[in-house]
Undergrad: 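One structure, pasted below without further comment.
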There are 2 protein chains.
Amino acid sequence: MERGQPAFLLAQLGAHAANQFTERLAVLQLTPADAGILRLLRVAAAISQQELSEKLRIHPSRLVAILDNLERRQLVERKPNPNDRRLYSLHLTKDGGEILERIGKVAREHQEALLSALNAADRKKLTELLQQVGDQQGLTRGVHPGYQRLGKTKPADLKHS
Amino acid sequence: MERGQPAFLLAQLGAHAANQFTERLAVLQLTPADAGILRLLRVAAAISQQELSEKLRIHPSRLVAILDNLERRQLVERKPNPNDRRLYSLHLTKDGGEILERIGKVAREHQEALLSALNAADRKKLTELLQQVGDQQGLTRGVHPGYQRLGKTKPADLKHS
DNA sequence: TATTGTTATACTCTATAACTATA
DNA sequence: TATAGTTATAGAGTATAACAATA
């Protein structure tokens, strides 16, 4: 919580980065969770909603509404799984692939704007340091903790009421 | 959104850091907003709720409940302002000062755990780089963007419903 | 009997706006 | 008439748990 402390700076800048990216994605009418799903479906096609929810740590019941929306916009398709009729087989559509490219462009612009204070060498160094910390902390690459919720705020009188 | 990209790493690690710190603070029955308020009152005593809400970008109506809670626990005191009876003059109590020290201890432990992958030189370098980026992005030191809300998700059909 | 996806419900959090007391 | 703080209300977002279909 102290100013100038790297842990606080990380939390502060991370929230800022997430906010900026969220705003840029809004131009495409997408949320970060939408983008995460589309990106995952490119490399892990045909997975079920259950598998998707586990990989991204999104609650299954929350996935339903998100996928309903993406399917209505024809970015994702729910195909039947012939082996097990309880499961869906999720696929990226042609439109989904195209919007994924636009997401990539938005992400690059976002990153450029975010790191404009640093030269190439410093960006490389920053990336290395962040990756070291992330690996040691056991973070799964490409999975944003914001997708999931924290394990409920236990202490009964923690909240203000 | 790409893996290994510094912008995504920042958002990912920042959310992780915030989550970890939130969990540690919960042991003291405090939220990050509580801690931010207590810290600010140490250096900016006697300010009004209005001023506090502006500095931390917390909505005034939200502040009421937070301060009610902190005052009930005798960590903060609302004193009358003799010059303008509409305003409160906010002060840290003795207990508030003491818990602030415990918050500092928690923050140091949190930071140590978070950055255990890095040696002293790398931590210094990381701090410098983050500070450069934060300054260029116009972030106010010590003010976490998570305290406030985003300017409402404009596009009507952005949300899933 | 267990599991996938869905729906219904309840809960938490927050902002909006109305209200009071002071200025 | 405007402002500080408060309260009441409503809205968004989410998890919990019950449900139907299938295994």
Side-chain angles (χ1 to χ4, degrees), chain A residues 18-19 22 26 31-34 37 46-72 76-91 144-161, chain B residues 18-19 22 26 31-34 37 46-72 76-91 144-161:
Chain A
N19 287 348
T22 299
T31 66
D34 292 333
I37 288 169
I47 63 176
S48 69
Q49 294 187 193
Q50 203 70 26
E51 290 172 307
L52 181 58
S53 82
E54 282 165 17
K55 292 210 183 203
L56 292 188
R57 315 277 165 76
I58 298 177
H59 198 279
S61 72
R62 197 183 149 203
L63 249 189
V64 175
I66 297 176
L67 288 174
D68 282 353
N69 182 45
L70 292 176
E71 193 169 37
R72 183 181 52 73
V76 161
E77 195 182 350
R78 284 173 167 117
K79 294 185 183 174
N81 183 325
N83 301 324
D84 187 335
R85 291 197 300 173
R86 291 174 306 180
L87 280 63
Y88 279 129
S89 171
L90 298 172
H91 294 268
H144 194 291
Y147 294 159
Q148 91 236 40
R149 277 302 108 221
L150 278 177
K152 78 188 52 170
T153 37
K154 312 102 197 175
D157 42 355
L158 197 165
K159 50 204 75 69
H160 333 288
S161 56
Chain B
N19 286 347
T22 299
T31 66
D34 293 333
I37 289 168
I47 64 176
S48 68
Q49 293 188 194
Q50 203 70 26
E51 291 173 305
L52 181 58
S53 82
E54 282 165 16
K55 292 209 184 207
L56 292 188
R57 315 277 164 75
I58 299 177
H59 198 279
S61 72
R62 197 183 149 201
L63 249 189
V64 175
I66 298 177
L67 288 174
D68 282 353
N69 182 46
L70 292 177
E71 194 170 36
R72 184 181 52 72
V76 161
E77 195 181 351
R78 284 173 168 115
K79 295 185 181 173
N81 182 325
N83 302 323
D84 187 335
R85 291 197 298 172
R86 291 173 306 180
L87 280 63
Y88 279 129
S89 170
L90 299 173
H91 294 269
H144 196 290
Y147 294 157
Q148 92 237 39
R149 276 302 108 223
L150 277 178
K152 78 188 51 167
T153 37
K154 312 102 197 176
D157 42 355
L158 197 163
K159 49 204 76 70
H160 333 288
S161 55

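Every chain is numbered from 1 and lettered A, B, ... according to where its sequence line falls, protein lines coming before strand lines.
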Undergrad: Just how far, in rounded Å, is P of C/dG5 from NZ of A/Lys79?
TA: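 These atoms are roughly 16 Å apart.
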Undergrad: Would you say that B/Ile66 contacts B/Asp34 through its side chain, given a criterion of any heavy-atom pair below 4.5 Å between the two side chains?
TA: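 Sidechains of B/Asp34 and B/Ile66: in contact.
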Undergrad: Go through the structure and list residues passing side chain to side chain donor-acceptor pair (under 3.5 Å) with B/Ser48, not counting sequence neighbours.
TA: B/Glu51
Undergrad: Please report the distance, rounded to the nearest Å, between CD1 in A/Ile58 and P in D/dT14.
TA: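 It is 10 Å, rounded to the nearest whole Å.
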Undergrad: Does C/dT6 have OP1 or OP2 under 4.0 Å away from a side-chain N or O of A/Arg78?
TA: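 Yes, such a contact exists.
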Undergrad: Restricting to side chain to side chain contact (heavy atoms under 4.5 Å, CB included), what partner residues turn up for A/Arg85, sequence neighbours left out?
TA: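 Scan of A/Arg85 (side chain to side chain contact (heavy atoms under 4.5 Å, CB included), adjacent residues dropped) gives none.
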Undergrad: List the residues meeting side chain to side chain donor-acceptor pair (under 3.5 Å) with B/Gln49, not counting sequence neighbours, and say none if there are none.
TA: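 Once residues adjacent in sequence are excluded, the partners of B/Gln49 under the side chain to side chain donor-acceptor pair (under 3.5 Å) criterion are B/Arg78.
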Undergrad: Check the distance between C/dC13's P and B/Asp34's CG and give it to me in whole angstrom.
TA: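 Atom-to-atom, B/Asp34 to C/dC13, this comes out as 12 Å.
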Undergrad: What residues form a side chain to side chain donor-acceptor pair (under 3.5 Å) with A/Asp84, not counting sequence neighbours?
TA: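 Per chain and number, A/Asp84 pairs via side chain to side chain donor-acceptor pair (under 3.5 Å) with A/Arg86.
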Undergrad: Given atom CD1 of A/Ile66 and atom P of C/dT6, what is their separation to the nearest angstrom?
TA: 13 Å
Undergrad: With a 4.0 Å heavy-atom cut-off, tell me which residues in residues 47-55 of chain A come close to DNA chain D, sorted by residue number.
TA: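 Those residues: none at all.
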Undergrad: Starting from C1' on C/dT4, measure out to OH on A/Tyr88 and report it in whole angstrom.
TA: 10 Å
Undergrad: Do B/Asn19 and B/Thr22 get their side chains close enough for a donor-acceptor pair, meaning under 3.5 Å?
TA: no
Undergrad: May I have the distance from B/Leu63 (atom CG) to C/dC13 (atom P), rounded to whole angstrom?
TA: 16 Å
Undergrad: With sequence neighbours left out, what residues match A/Ser53 under side chain to side chain donor-acceptor pair (under 3.5 Å)?
TA: none
Undergrad: Check the interface with nucleotides 17-23 of chain C: list each N/O to N/O pair with the protein under 3.5 Å, or write none.
TA:
{"residue": "C/dA23", "atom": "OP1", "partner": "B/Arg85", "partner atom": "N", "Å": "3.0"}

Undergrad: If I take atom CG in residue A/Leu90 and atom P in nucleotide C/dT4, what distance separates them, rounded to the nearest angstrom?
TA: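 Distance, rounded to whole Å: 13 Å.
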Undergrad: For A/Arg57 and D/dT14, give me the distance from atom CZ to atom C1', rounded to whole Å.
TA: 18 Å
Undergrad: Once rounded to the nearest 0.5 Å, what's the spacing between atom CG of B/Leu52 and atom CZ of B/Arg57?
TA: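 B/Leu52 atom CG to B/Arg57 atom CZ measures 12.5 Å (nearest 0.5 Å).
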Undergrad: Heavy atoms, side chains only, cut-off 4.5 Å: are A/Leu67 and A/Ile37 in contact?
TA: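 They are in contact (side-chain heavy atoms under 4.5 Å apart), so the answer is yes.
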